[in-house]
Amino acid sequence: MIGNNLLINLIKHSKPNLDLADVNDQESLYLLTNALLEIPDLSLDELYQIARNNGTALEFKIAVKLFESRKFLIEDKQPVKVGVLFAMWGEQNRLLPKTEDNPNGEDSLRVKLQQLDWATRDSTIEWILYAVDDGCPHDSGKIASEIAASSPMSKHVKIIHLEKALPQKHGPLARLKSAEDSHKGGAIILGALEAIKDGMDVVITTDSDNSVHLGQVGLLLKKFCCNRTRAVFGDRKDPDAVLVKEEGRWGVGIKLLRHMQRMIGYSIFSQGIYDTQAAFKLFQCDFLDKIIQHPAVYDFSYDTDWIAATIALK
């Protein structure tokens, strides 16, 4: 099946394990993906067939996702304005590089900028990264502002502070007296409002760490551009999903929680949506503007609220 010596060599030397927060692993992944993109007439179906093999290295599996994303973005000529959005609370360590004094560092803001720049270079995609401080007591917003100011891609970044936007008499945030009343959801809504005001076509939500490689934005945009889908959700339970780390949130009361999930979540799960919390979702902005008008929650379950609204409005 594999007749290309270069492809065989790339598969053979791919890393079996990968840490998306590690600088060396990030660079290795770019090199691998770029090498795949340079192979003429490489079939995406063939790559996925290789990736589905249990013996295929994790790095190669992720590179296939990036290959599909990047290939679509450079070949598709539809202009799209993209707002990528994440909230910050207690992210002062992740925002900074990893050092002996900061073992949890991920340099996450710079990494996100690099990933988006790599994915969209020489494409018709315009983008802005919205980082929203959710009232962080450690000044994540200030740290992010300093990092953004020193970046050559500073024009692609907006740092927003929820506390400075409150209180509001009207609109989706009117029920928040201060940032202390928000637990991620309020910050995400504020960022969405800013993206809509800026004239973005779509908003993509993600997390503040590097667990989702934003080089994959083309996977969401492919569904949006080709199918004109108003909402596209990442799904870690999809057969072709690549998990760097398995889900492991069990804890006390899991049987009760599972029962509640089956009862309350039926309207969502019956639509084929099984991964409600995936930190990789796209919403068309006109549609999102309707979704966020009357939020039910301002906490970590905001995305389940948005999914329920998506189903109700479709």
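Look at Lys197 and Glu194 and you find a salt bridge, because one of the NZ, NE, NH1 or NH2 atoms lies within 4.0 Å of a carboxylate O, short of that distance. The residues Arg52 and Asp240 are annotated as salt-bridged, a charged nitrogen and a carboxylate oxygen being separated by less than 4.0 angstrom. Ion pair Asp207/Lys112 not flagged as a salt bridge, since none of the NZ, NE, NH1 or NH2 atoms sits closer than 4.0 Å to an Asp/Glu carboxylate oxygen.
For His213 and Tyr30, the distance between ring centers is under 6.0 angstrom. In this structure, Phe283 has its ring center closer than 6.0 angstrom to the ring center of Phe233.
Between Glu163 atom CD and Glu180 atom CD the span is 7.0 Å, to the nearest 0.5 Å. Note that the OG atom of Ser108 and the CZ atom of Phe86 stand 5.5 Å from one another [nearest 0.5 Å]. Separating the CG atom in Leu18 from the CZ atom in Phe60 is a distance of 13.5 Å, to the nearest 0.5 Å.
Cation-pi check for Arg70 over Phe72 is not met; the charged atom does not lie both under 6.0 angstrom from the ring centroid and within 45 degrees of its normal.
Applying the salt bridge (Lys or Arg N to Asp or Glu O under 4.0 Å) criterion to Arg230, with sequence neighbours excluded, gives no partner residue.
Identified under the side chain to side chain donor-acceptor pair (under 3.5 Å) test for residues 128-138, with sequence neighbours left out: Tyr130-Asp198, Asp134-Ser182. Legend: side chain to side chain donor-acceptor pair (under 3.5 Å) pairs involving residues 286-296, not counting sequence neighbours, sorted by first then second residue: Asp289-Gln293.
Counting heavy-atom neighbours within 6.0 Å of Trp127 CH2, excluding the residue itself, gives a total above 12.
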